[in-house]
A.B. asks: 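Got a structure for you, written out below as structure tokens; questions coming shortly.
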Amino acid sequence: MSWFENWFDTPLYEMIYANRNEEEAEMMANLIEAETPADRYPGLLDLGCGRGRHSIAFAERGYRVAGLDLSEESIRKARKKAAARGLHDLTFIHGDMRQPLNATFDVIVNLFTTFGYFLEDLENLRVIKSAERMLRKDGVFVVDYLNAPYVKAHLVSEESGTYNEIQFSITRKIENNMVYKNIQFSGEQISEEESEYMERVKLYEKEWFEEAFDQNGFELKKTYGDYRGSSYKGAESPRLILIAKKRD
């Protein structure tokens, strides 16, 4: 079993990333809306949608949204959140982002580093190929990814904390052009089976994406360095946000 198939379904995942707020999702949605307004790009696929925070932000802006994720727990939570907001037409689908849906979209977004999970480059490239197959002519593919030079320059090797009487410690390392995060939990509520998890993400740089896009039917149009839409400035930028258009 791949690391993400187990980790993303546990409630401990949501605890670790509890600091992800709606404001951040709104900023990302604002940036993408400026590039692909809903009146011109009405059909949007959130590829790797997680618990649906970005999908909901787009739906509330008037997009016709579908969210796709491999985690059944994430899809369940996303549906519940959307229903609570009265967004009953927002569709959430359980599936693998490497396998294209039998549907076409105007814009596809892949956000919060929901990419680079696989050891083999060919498997990660399947995500790009899948997006290309699902996009209309002149459709737009948006990738929000960690910025590898920034990660290498600012890696926090250790941190720890407590959340609702659960203790956690995180260690990070870079090895074989991947960043590894090991997360350990302790406390009376934690069983031995759920005490330790791992994340692993490839450190792809902007040039890798440029080549991958070019070889798979896309042209890179713009690159941003943060959710506010600042220019990309290499190792100074915390994010690598890529706006690519499907070629004719």
A.B. asks: Tell me the closest heavy-atom pair linking Ala66 and Ile93, and the distance in Å.
C.D. replies: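 That would be CB-CD1, 4.4 Å.
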A.B. asks: Got Tyr150 and Ser237 here, is their nearest side-chain heavy-atom distance under 4.5 Å?
C.D. replies: no
A.B. asks: Is it true that a side-chain atom of Asp69 and a backbone atom of Gly50 form a donor plus acceptor pair closer than 3.5 Å?
C.D. replies: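 Yes; judged by distance alone, with no hydrogens or angles, the pair exists.
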A.B. asks: Please determine whether side-chain contact (heavy atoms from CB on, under 4.5 Å) holds for the pair Ile32 and Leu111, giving the CA-CA distance in whole Å, both sets of side-chain angles, and the decisive distance to 0.1 Å.
C.D. replies: CA-CA 11 Å; Ile32 293 172; Leu111 308 177; 3.9 Å; yes
A.B. asks: For Arg51 and Ser74, which I'm curious about, is there any donor-acceptor pair between the side chains at under 3.5 Å?
C.D. replies: yes
A.B. asks: With a 4.5 Å cut-off on side-chain heavy atoms, are Leu68 and Asp46 touching?
C.D. replies: no
A.B. asks: Can you check whether Pro149 reaches Glu205 side chain to side chain, under 4.5 Å on heavy atoms?
C.D. replies: yes
A.B. asks: So for atom CD, which belongs to Glu211, do other residues, nucleotides or ligands contribute more than 12 heavy atoms lying within a distance under 6.0 Å?
C.D. replies: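 Incorrect, the count does not exceed 12.
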A.B. asks: Around atom NZ of Lys152, are there more than 12 heavy atoms from other residues, nucleotides or ligands closer than 6.0 Å?
C.D. replies: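 More than 12 within 6.0 Å, yes.
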A.B. asks: Test of understanding: clusters of I, L, V, M, F, W, Y form through side-chain heavy atoms closer than 4.5 Å, transitively. Do Leu146 and Leu242 belong to the same one?
C.D. replies: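 Result: yes, single cluster for both.
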A.B. asks: What distance do Ser186 atom OG and Ile166 atom CD1 have between them, rounded to the nearest 0.5 Å?
C.D. replies: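 Here the interatomic distance stands at 9.0 Å.
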A.B. asks: Given 3.5 Å as the limit, does a donor-acceptor pair link the side chain of Thr114 with the main chain of Asn110, or not?
C.D. replies: no
A.B. asks: Centre-to-centre under 6.0 Å for Phe168 and Tyr163, is that the case here?
C.D. replies: no
A.B. asks: Are there over 12 heavy-atom neighbours, none belonging to Arg61, within less than 6.0 Å of that residue's CZ?
C.D. replies: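 Correct, the count exceeds 12.
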A.B. asks: Report, as yes or no, whether the 6.0 Å neighbourhood of atom CD on Glu120 holds more than 12 heavy atoms from other residues, nucleotides or ligands.
C.D. replies: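 No.
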A.B. asks: Evaluate Ile56 against Leu87 for side-chain contact (heavy atoms from CB on, under 4.5 Å), listing each step before the verdict.
C.D. replies: CA-CA 8 Å; Ile56 288 169; Leu87 299 170; 3.7 Å; yes
A.B. asks: Supply the atom-to-atom distance Glu60 CD to Ser55 OG, rounded to the nearest 0.5 angstrom.
C.D. replies: 11.0 Å
A.B. asks: Roughly how far apart are Ser169 OG and Glu196 CD, rounded to 0.5 Å?
C.D. replies: 8.5 Å
A.B. asks: Less than 4.5 Å apart, any side-chain heavy atom of Thr104 and any of Met134?
C.D. replies: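 SC-SC contact between Thr104 and Met134 ruled out.
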A.B. asks: Could you pull out the closest heavy-atom pair between Gly52 and Lys81, with the gap in Å?
C.D. replies: C-NZ, 4.5 Å
A.B. asks: Would you indicate whether Arg247, at its atom CZ, is surrounded by more than 12 heavy atoms from other residues, nucleotides or ligands within a distance under 6.0 Å?
C.D. replies: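 Result for CZ/Arg247: enclosed.
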A.B. asks: So do the side chains of Met178 and Val201 get within less than 4.5 Å of each other, counting heavy atoms only?
C.D. replies: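 They are not in contact (no side-chain heavy atoms under 4.5 Å apart), so the answer is no.
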A.B. asks: Minimum heavy-atom separation for Ala82 to Leu90, with atom names?
C.D. replies: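 Scanning both residues completely, I find the closest heavy atoms to be CB-CD1, 4.4 Å.
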A.B. asks: Taking salt bridge (Lys or Arg N to Asp or Glu O under 4.0 Å) as the criterion, tell me which of Arg40, Lys246, Arg136, Lys137 meets it with Asp106.
C.D. replies: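 Considering Arg40, Lys246, Arg136, Lys137, a salt bridge (Lys or Arg N to Asp or Glu O under 4.0 Å) with Asp106 is found only for Arg136.
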A.B. asks: Distance to the ring centre below 6.0 angstrom and angle to the axis at most 45 degrees; does that hold for Arg239 and Tyr232?
C.D. replies: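 Output no; distance or angle outside limits.
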A.B. asks: For a quick test of reading the model, state the closest non-hydrogen atom pair linking Leu44 to Phe105 and the distance between them.
C.D. replies: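 Minimum heavy-atom separation between Leu44 and Phe105: C-CD2, 3.9 Å.
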A.B. asks: If the plane angle is over 60° it's perpendicular, under 30° parallel, otherwise tilted; pick one for Tyr63 and Phe58.
C.D. replies: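 Answer is perpendicular, since the angle exceeds 60°.
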A.B. asks: Does Arg53 make a cation-pi contact with Phe112 (under 6.0 Å, within 45 degrees of the axis)?
C.D. replies: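 Yes, cation above the ring, under 6.0 Å and within 45°.
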A.B. asks: Yes or no on side-chain contact (heavy atoms from CB on, under 4.5 Å) for Phe209 and Phe115, after CA distance, side-chain angles and deciding distance?
C.D. replies: CA-CA 11 Å; Phe209 281 101; Phe115 188 86; 3.7 Å; yes
A.B. asks: Within the 3.5 Å criterion, strictly below it, is a donor on Tyr224 or Glu35 matched to an acceptor on the partner's side chain?
C.D. replies: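 Yes.
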A.B. asks: Is there a donor-acceptor pair under 3.5 Å between the side chain of Thr36 and the backbone N or O of Glu33?
C.D. replies: no
A.B. asks: Which heavy atom in Leu125 sits nearest to a heavy atom in Ala212, and how many Å separate them?
C.D. replies: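 Where Leu125 meets Ala212 most closely, the heavy atoms are CD2-CB, 3.6 Å.
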A.B. asks: For Ser230 and Asp226, does a side-chain donor sit closer than 3.5 Å to a side-chain acceptor?
C.D. replies: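 Judged by distance alone, the side chains do pair up.
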A.B. asks: Would you check if Leu101 and Leu45 make a side-chain contact, meaning some heavy-atom pair closer than 4.5 Å?
C.D. replies: yes
A.B. asks: First locate atom OG of Ser195, then atom CD of Gln184, and finally report the distance between them rounded to the nearest 0.5 Å.
C.D. replies: 7.0 Å
A.B. asks: Might you point out which heavy atoms bring Val179 and Val151 nearest each other, and give the distance in Å?
C.D. replies: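 For Val179 and Val151, the tightest heavy-atom pair comes out as CG2-CG1, 4.4 Å.
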A.B. asks: Before accepting this row, confirm whether a basic side-chain N of the pair Glu210/Lys206 lies closer than 4.0 Å to the acidic partner's carboxylate O.
C.D. replies: yes
A.B. asks: Hey, are Lys129 and Glu132 close enough for a salt bridge, meaning a charged N less than 4.0 Å from a carboxylate O?
C.D. replies: no
A.B. asks: Any heavy-atom pair between the side chains of Phe218 and Ile128 that's under 4.5 Å?
C.D. replies: yes
A.B. asks: Could you check whether Tyr204 and Asn124, counting side-chain N and O atoms only, form a donor-acceptor pair closer than 3.5 Å?
C.D. replies: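 Tyr204 and Asn124 do have a side-chain donor-acceptor pair below 3.5 Å.
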A.B. asks: Is the backbone of Leu70 close enough, under 3.5 Å, to the side chain of His94 for a donor and an acceptor to pair up by distance?
C.D. replies: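 Answer holds: yes.
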A.B. asks: Crowded around Gln167 CD? As in, over 12 foreign heavy atoms under 6.0 Å?
C.D. replies: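 Atom CD in Gln167 is packed in, count exceeds 12.
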A.B. asks: Hey, is CD on Glu159 packed in by over 12 heavy atoms from elsewhere, all under 6.0 Å?
C.D. replies: yes
A.B. asks: What's the separation between atom NZ in Lys181 and atom CG in Leu155, rounded to the nearest 0.5 Å?
C.D. replies: 10.0 Å
A.B. asks: Nearest 0.5 angstrom please: Thr91 OG1 to Arg79 CZ, how far?
C.D. replies: 9.0 Å
A.B. asks: Can Asn182 and Tyr197 be counted as having a side-chain donor-acceptor contact under 3.5 angstrom?
C.D. replies: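 There is no such pair (donor and acceptor under 3.5 Å, judged by atom type) between the side chains of Asn182 and Tyr197.
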A.B. asks: Linking I/L/V/M/F/W/Y whenever their side-chain heavy atoms sit closer than 4.5 Å, directly or via other members, would Phe118 and Leu122 fall into one cluster?
C.D. replies: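 Same cluster: Phe118 reaches Leu122 through Ile, Leu, Val, Met, Phe, Trp or Tyr contacts under 4.5 Å.
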A.B. asks: Would you say that Leu203 contacts Ile174 through its side chain, given a criterion of any heavy-atom pair below 4.5 Å between the two side chains?
C.D. replies: yes
A.B. asks: Distance under 6.0 Å and angle within 45° of the ring axis: does Lys173 meet both against Tyr180?
C.D. replies: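 Satisfied, under 6.0 Å and within 45°.
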A.B. asks: May I ask you to decide whether Asp121 forms a salt bridge with Lys202, counting only side-chain N to carboxylate O separations under 4.0 Å?
C.D. replies: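 A salt bridge is present here (some side-chain N lies under 4.0 Å from a carboxylate O).
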A.B. asks: How far apart are the C-alpha atoms of Leu220 and Ile243, what are their side-chain angles, what is the distance that settles it, and do they pass the side-chain contact (heavy atoms from CB on, under 4.5 Å) test?
C.D. replies: CA-CA 6 Å; Leu220 181 62; Ile243 313 290; 5.6 Å; no
